Colleague: 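One structure coming up, written as structure tokens, with questions to follow.
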Amino acid sequence: MNVALLGYGRIGQAVVALAARPDVRACLRRARVDVRWVSALVRDLDRPRTGPPVPLTTIASGTVDADVVVELLGGAEPARSLVQAALRARVPVVTANKTLVARHGAELRALAARQRTAFVYEAAVLAGVPFLGSLARRPVIASARRFTGILNGTSHFVTTAVERGATLAGALDRARTLGYAEPDSTADTSGRDAAEKLAILLHAGGCEHAAPDDFPRLPLDVLNHDLISGARRLGGTIKPVVVADLDLPHAGAWVGPAFVPTDHPLAHLDGVTNVLQLTTIAGGVVTFTGPGAGPDATALTVIDDVIEAATGRGGPRASCGFSGARTDVTRALRTPPTAGWLLEIRHERERDPRAVARQLSAISVPPLQICAHAGAVLARTIPAPWKVVEHALQAFRAQGSTVVALPCLV
Ligand SMILES: NC(=O)c1ccc[n+]([C@@H]2O[C@H](COP(=O)([O-])OP(=O)(O)OC[C@H]3O[C@@H](n4cnc5c(N)ncnc54)[C@H](OP(=O)(O)O)[C@@H]3O)[C@@H](O)[C@H]2O)c1
């Protein structure tokens, strides 16, 4: 089985190193797959690499002659063009590239289906937890009413560190030192990475046109120890989540920090752990959890994908046949869902929580809890549609307050 790699960075090298282990070789033999790494496309031939030697090239040709292509470049281009070329030549493609799948997945799945070849991307979301393939084969479970999760390990690590007293900048530095964050961690802190993963999940759930740039996103910058200790006083904590509520009329999406009550399962997770909860149409909750990234965890999933692609068993290559059926819901994902809200209202002159409570009640978002905390007023409101909450935020901002609004998970 001639396998051409596109990219020989952290994941590429981890894949080849892992595939050389005797126990993994035994698995490959059992699956009757004998892998030969014929080439790896890179930018810089002279970059030091610790992975096993593979013929490196800077010229992206030859992949159409391979038996399987494994794309691990990252980003939209040239990944998209190279994957298209391979699929057009009926070469099965494996990728872990969430940007590619979130932004061009529909087109690449359709191309793969037309060419009767495989397009497999199990490692693109919760890299070390193989579940996307199951969703693709199970339209009823995949057609969830709600997706809730922590899909970005870096922001989870940073949030946990801030909760324990670190500053945001200090927590990010520590994450870089430990190898959890890139030198440029904008994709993590802005929520772009999590939004791309959410889009891929929604595609599996039949919202074929869900686009990562459409979801409301709040960057991690709002995070500080005062906000988290305030959340503690109100019986919860803050976690960097994704939420997609697909039940009209309160449907909506959110990518960013959220208030998580202490009795919620997500409240007790720590560090870089990733988790996804699906609320099924029957109302039950199905949870997937495990390593969301990291070279070894990702490499395991990529190798299984290579086996699937090589043996024609496919994988999550098509959405579940609901295309179009969830168009209204997809449109609703451009605003936050109806939810309870944690509001941090900060004014130059400290405000009386009772006066803030009266003002919130007058705008139809009465607080369930309210307190003064670290120079601000913190309120946890009743569930309210975003339109009403937005109106409340505008009213406070018009009075010169700065307001942070985070949805409360239930
Ligand atoms: N890191 C993780 O934990 C993780 C987990 C799940 C999924 N993923 C995904 O896996 C993919 C690879 O991630 P990674 O961490 O291995 O990235 P990486 O270390 O930056 O490796 C990228 C590789 O692609 C090559 N490359 C990039 N652009 C290129 C271009 N225009 N032309 C030729 N070669 C190019 C690079 O060449 P040079 O080496 O010469 O620079 C490098 O070998 C990404 O899509 C990422 O999102 C990563």
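The model shown is predicted, which means the values in this text are computed figures rather than measured ones. All residue numbers refer to positions in the sequence shown, counting from 1. For ligands, and for the atoms within them, numbers begin at 1 and follow the listed sequence.
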Colleague: Among His347, Arg346, Glu344, find the one that has a side chain to side chain donor-acceptor pair (under 3.5 Å) with Ser401.
Modeller: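 Exactly one pass, corresponding to His347.
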Colleague: Pairs of donor and acceptor atoms involving the side chains of residues 330-339, under 3.5 Å and at least two apart or interchain, shall be tabulated with distances.
Modeller:
unit_1: Thr330; atom_1: OG1; unit_2: Arg326; atom_2: O; d: 2.8
unit_1: Thr335; atom_1: OG1; unit_2: Ala332; atom_2: O; d: 3.3

Colleague: List, one per line, each side-chain donor-acceptor pair under 3.5 Å for residues 228-240, sequence neighbours excluded.
Modeller:
unit_1: Ser229; atom_1: OG; unit_2: His225; atom_2: O; d: 3.1
unit_1: Ser229; atom_1: OG; unit_2: Asp226; atom_2: O; d: 3.1
unit_1: Ser229; atom_1: OG; unit_2: His373; atom_2: NE2; d: 2.9
unit_1: Arg232; atom_1: NE; unit_2: Glu163; atom_2: OE2; d: 3.1
unit_1: Arg232; atom_1: NH2; unit_2: Glu163; atom_2: OE2; d: 2.3
unit_1: Arg233; atom_1: NH1; unit_2: Ala372; atom_2: O; d: 2.8
unit_1: Arg233; atom_1: NH1; unit_2: His373; atom_2: ND1; d: 3.4
unit_1: Thr237; atom_1: OG1; unit_2: Glu163; atom_2: OE2; d: 3.1
unit_1: Lys239; atom_1: NZ; unit_2: His156; atom_2: NE2; d: 3.1
unit_1: Lys239; atom_1: NZ; unit_2: Leu269; atom_2: O; d: 2.7

Colleague: Which pairs pass salt bridge (Lys or Arg N to Asp or Glu O under 4.0 Å) with one or both residues in residues 140-150, sequence neighbours excluded?
Modeller: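 Qualifying pairs, neighbours excluded: Arg145-Asp247, Arg146-Asp245.
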Colleague: Can you say whether the rings of Trp341 and Trp386 are parallel (under 30°), tilted (30 to 60°) or perpendicular (over 60°)?
Modeller: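 If you compare the ring of Trp341 with that of Trp386, the planes turn out tilted.
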Colleague: Could you name the protein residues that come within less than 4.0 Å of ligand 1, counting only heavy atoms, and order them by chain and residue number?
Modeller: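 Contacts of ligand 1 under 4.0 Å: Gly7, Tyr8, Gly9, Arg10, Ile11, Leu41, Val42, Arg43, Asp44, Arg47, Arg49, Leu72, Leu73, Gly74, Pro78, Ala96, Asn97, Lys98, Ala123, Ala127, Ala293, Gly294, Thr298.
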Colleague: How long is the straight-line distance from NZ of Lys98 back to CG of Leu198, given to the nearest 0.5 Å?
Modeller: 14.0 Å
